Amino acid sequence: MRPQRIRVASAALFFAAGSIAIAGEPMPAVDDAFEGLTRFEYGDSRRPLIVLEAYIAKSTGDPGARRRVADRLVAVASDPAATEAAKDFAFDQLRIAGTRAQVPALARMLYDPATAERSRMALQAIPGEEAGEALRRALGRLEGRSLIGVINALGARRDRRAVDALAGLAASAETETAAAAVRALGTIGSSEAAEALARCPDKPSLRAAVADAKLRCLEGLDADAYGRRGIDAAALSLEPSPAEIGERGLSDVSMPRSPERRKAIEGRAPAGFRLACYLDCGPDLADGGPEGPSLRLAAGQPHVWPGAAAAAEPCFGTIFFDGREVVFEAKGLRPEGAYRLGFSWWDFDHDTRVQSVWLASGGSDAYAKALDGAKLPSFAKRNEGAEEKTIEIPRDVYSRGAVKIAFRNEAVPNAVVSEIWLWEDEGSSAARPAPEKTGGASKRDAFRTTRVLLVTGVDYPGHPWRLTAPVVKEIIEEDPRLAVDVTEDPHALGTRDLSGYRAIVLHFMDWEVPAPGETARARLKAFVEGGGGLVLVHFACGAFQDWPEFRNLAGRAWDPKLRGHDPRGPFRVDIADDDHPITEGLASFETDDELYTCLAGDRPIRVLAKATSKVDGKDYPMAFVFDYGEGRVFHSPLGHDVKAFQAAGVHDLFRRGTAWAAKLPAAAKK
Amino acid sequence: MAESFGRITRRRFVAAAAGTIALPGLVPAGAIGLGGAAAPGERIGMGFIGVGRRGMDHVRGFASAPDVQILAVCDPHASKRDAAKKYVDGRYAAAGRAGAVCAAYNDFRDLLAHQGLDAVVIASPEHWHALHAIAAVTAGKDVYSEKALTLTIAEGRALCDAVRRHERIFQVGTQQRSDAKFRFACELARSGRLGELRRVLVGVPGGYTLPNAGSEPVPPGLDYDLWLGPSPSRPYNAVRISSPNGWYHIYDHCVGFLQSWGIHHVDIALWGAPALAAGRVKVEGTAAFPEDGLGNTPLAWRVEVTDARGLVLSFTDNAQNAQGCRFEGDEGWVHVNRGGISADPASLLAARIQSDEVLLYRSDDHHRNFLDGVRTRRDPVSPVESGHLGTTVTNIADIAIRLGRELEWDWDAEAFAGDDDANRLRTRPMRSPWSMG
């Protein structure tokens, strides 16, 4: 049947659906419609349902009619003889007409998997404490999708009484459940919810959800509520970290740097001062600390002005900008010390920018103007270069050791800063204890004695290494003996001292950039031959395409002539060989990933795990090992993105594979 | 529940939604140094969520921008995403442009994880808009989204907050704002050229009836669970997922042409008469619904929204009020639609709005205005709040129709005064695991 377009010429039709009497007994048409409802199947005429839809919505204006309607709906929803289509309709309409009187019946249906989702949706819509309590009670008794639905419902209801239970669920090992609880806490947004979020363990898989939820709390809680409860927003670390801010900039903009610039500024310190911190805005998000002062970006985004490199040093062409204000935060200032702030700015692409500078004591938003609105030198109009300015920071501003610095936009189009730095008086610098030489390992990590180097920083654009590298680190560090250092520059293989590492994890592919050269290759080969471990993650098999020996070092390497992989989706990884420390006791598992079908090579390997392609029905290796000289190699093509690292089996393989490559004995069973 | 809609960001919200910008001399950064094709690193990396009929209009439009690189598309229909990818790759190859090939994803979450994306275009069904957009801005992407802004009022509020929280650029696809004649009509109304404004009349196409349709096997190449997303679970049939004679008219997915077409001219009405979206307004209306079939949204309707000073918005299907938006004042009227502009007295059309009158945001290309926003970080001509206000008017109209009673809507609280059941309809539960949070 061809859908028909209805044109209405007169207003007479308007009352066709609106004329059903509400007061008193329902019209016969409504009774008839209810009579037939339990037998309704999808595909039947919806005429009776349309009568009911119109009647039920209007019944909300009449308590008696509404009570009768809601009772009839809940009877259909719980009638074992009613069709699923009839139940769908009844649950739907209970969202509109249901009241506390229907809560007990709906609460019972929460525990029947066949009706759990639909009764949850009805309960979510019914106001009042009864529905809230029914939902909270279900938190401890449901799991999976049903549990997530209830968590979402409590969040949407902004149920403050659910905060404690949600805080517990935020620590759940099930990532999806934990993320739902974090989001619900953010939606509730009370000070208790904020405190619960501040206690959340820092896991890469939850980081984005927690950062967003904290921001929502920060916006939702007015300053008054903070003050009354004596909560210090800064202490709760509700503000996003520089790393979180950095990820939000225009991506894939390469940030040129000029390290000599810092030295130049260092060299012209005012008498009695030394350079404590320096940020080349754009590439640098934070500098300094933990013993001395630190300076970090608190609000603003990095950008590179196209074409600026031809006009001036890179430090001026890279900027932080913001429509309203670019904010920095300095911490670790000595109240008895003396500080000056230096910065540079210019208007490269306009002749309109006017900016003022404001200072506020750390933790407060009481800004005082430190520099009146000043017109920036314009390159676009008058070929002017950047200018530097210095301002004294008044002592009372940093009496608590911290200061916020805001560059405010007073005109159009936005506020920009090219560089910012902090001078500290020499007396303060001398008064600090000399930093201990701990080799970079903090106290917390003292028992992590086996060091591993994770090499990432460049990959095919579809591979979000910025997101996956922290996940790989987290997974490997699930083994308490392993400490992972991360380098985002593969050329570090040629320059870095590798002697302290027991294994190297390759999580990069030199996409459209030169691969690390001869020195790096020779050192990597020597490292493994000499007894070091090597781990390859996902598309690392595609690195070093122009290095023939890499095929032997990796065991199997990407061959671009082969079909790349099955369409991304769920598949099962089978343990092919469990007589090995990496796979002993492991079960086959489901994952959601790219099933690589593109590996080629002929050296003997021992396949520990495999998967069957849905495309050609053949088996492909998902994890394999071999010895290379004195060293051990563990290679797995799993791990396309963060989602692909969710399965516990993937964690087991990479954690145990790395420990084995580093020649550690098998860890106690988790 | 949900009493606190809009409490915090109201101030910023009003400032942005007022839409009056007087910034003479501003040069969009996008216009500088980008005369020809930009180098790859300077291009804005874009992705597309939903590449059906409307989504492909946007793909074609943005593919012709020299400073844009389309990196990825997604759609739960394999055939649609494959066709879109093929189009993009072919278009760039023909233009001799180097760059990564366009990726094609089923799941929007995989698209959002694609490295290098700066902005996304959303052209999914209404029931998906809020989730797609919130996920995108949370991932740090700027967004161009089709109208209506969201399915429900609560979703619109959550999306506005998310856009401002993450400081993203957001352009609603109400492209009539980038058309000089609509801008001019609104400037006439706001500058007092019509005298005291009395009535605003909006007419848009009425709805469709649909056939009854039962359960059918899901065709290969469609991820129907992902198509449904937050909607209640319903069996698949081809009518449900069709457009424009399908999901637009099914209340599970959209509030009909009342919402999806209504937003276009309601948006113009609010641009020219912002008083309609302030303080408290009364709303009442009636409608004719289909008598059978899957469609359950208004076919024809008549709604009146009245502000505290008696200014009336009359909103109907176009068999009653003429198609478009008509501002009526003491001293004249102006009527505008996509076909043209007319006025009485006709001399109004020759008027030149002076610099001391209300000059509205000037944009003549909705796509380009968005790209300028991405570069300058300046709100585009249709900021997220404008979409929320217009969509809210269509939603309170629908709620008043369904409940069959006059309601009072409080714009400051974003709630109906004294009607809990009406307030319940501001939001809808989502199918697990989806949530707005």
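Order of the sequence lines fixes the chain letters, A, B, ..., with proteins taken first and strands second; residue numbering starts at 1 for each chain. For clarity, every value in this text was computed on a predicted model and none was experimentally measured.
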- request: For each of Arg568(A), Met121(A), His640(A), tally heavy-atom pairs with chain B at distances under 4.5 Å, and name the one with the top tally.
  value: Met121(A)
- prompt: Taking NZ, NE, NH1 and NH2 as the nitrogens, is one of them in Arg164(B) or Asp379(B) under 4.0 Å from a carboxylate oxygen of the other?
  reply: yes
statement: Cut-off 4.5 Å, heavy atoms of chain A, and the answer for Leu403(B) is both
- prompt: Donor-acceptor pair, Asp347(A) side chain versus Arg353(A) backbone, under 3.5 Å?
  reply: yes
- prompt: Between Ser233(B) and chain A, which part of the residue has a heavy atom less than 4.5 Å away: side chain, backbone, both or neither?
  reply: backbone
message: For chain A, which candidate among Ser242(B), Ala103(B), Pro235(B), Pro298(B) shows the most heavy-atom pairs at distances under 4.5 Å?
response: Pro235(B)
statement: With sequence neighbours left out, the residues meeting side chain to side chain contact (heavy atoms under 4.5 Å, CB included) with Asp322(A) are Arg324(A), Val326(A), Glu167(B)
message: With chain B as the partner, which of Leu49(A), Leu185(A), Asn152(A), Asp459(A) has the greatest number of non-hydrogen pairs under 4.5 Å?
response: Asn152(A)
message: Between Glu117(A) and Gly149(A) (side chain of the first, backbone of the second, donor and acceptor by atom type, cut-off under 3.5 Å), is there such a pair?
response: no
message: I'd like to know which of Glu41(A), Arg46(A), Arg183(A) tops the heavy-atom pair count under 4.5 Å against chain B.
response: Arg46(A)
query: Between the main-chain N or O of Val374(B) and the side-chain N or O of Arg377(B), is there a donor-acceptor pair closer than 3.5 Å?
result: yes
- line: Heaviest contributor of heavy-atom pairs below 4.5 Å to chain A, chosen from Ser215(B), Gly437(B), Gly214(B), is Gly437(B)
message: Less than 4.5 Å to any heavy atom of chain A: does that hold for the side chain of Asp419(B), its backbone, both, or neither?
response: neither
- line: Checked Thr187(A), Ile96(A), Asn414(A) vs chain B; the most non-hydrogen pairs under 4.5 Å come from Ile96(A)
- request: Examine whether an atom of Ile401(B) lies under 4.5 Å from a heavy atom of chain A, and if so say whether it belongs to the side chain, the backbone or both; otherwise answer neither.
  value: backbone
Pair Asp252(B) + Arg431(B): basic N to acidic O under 4.0 Å: no
message: Less than 4.5 Å to any heavy atom of chain A: does that hold for the side chain of Asp420(B), its backbone, both, or neither?
response: neither
- prompt: Relative to chain B, which segment of Trp305(A) carries a heavy atom at a distance below 4.5 Å: side chain, backbone, both, or neither?
  reply: neither
- request: Using non-hydrogen atoms and a 4.5 Å limit, figure out which bit of Asn106(B) sits close to chain A: side chain, backbone, both or neither.
  value: neither
- prompt: Would you call Glu84(A)-Arg118(A) a salt bridge at under 4.0 Å N-O?
  reply: yes
- request: Quick one: which of Ile148(A), Ile50(A), Val642(A) has the most heavy-atom pairs under 4.5 Å with chain B, could you say?
  value: Ile50(A)
Part of Ala380(A) within contact of chain B (heavy atom distance under 4.5 Å): neither
message: Salt bridge check, Asp641(A) against Lys643(A): does any charged N sit closer than 4.0 Å to a carboxylate O?
response: no
Option that, when pairs with chain B are counted at under 4.5 Å, heavy atom only, ranks first among Asp212(A), Ile56(A), Asp92(A): Asp212(A)
task: Report yes if some heavy atom in the side chain of Ile250(B) is under 4.5 Å from a heavy atom in the side chain of Arg234(B); otherwise report no.
output: no
Donor-acceptor contact present, side-chain Thr297(B) to main-chain Tyr251(B), <3.5 Å: no
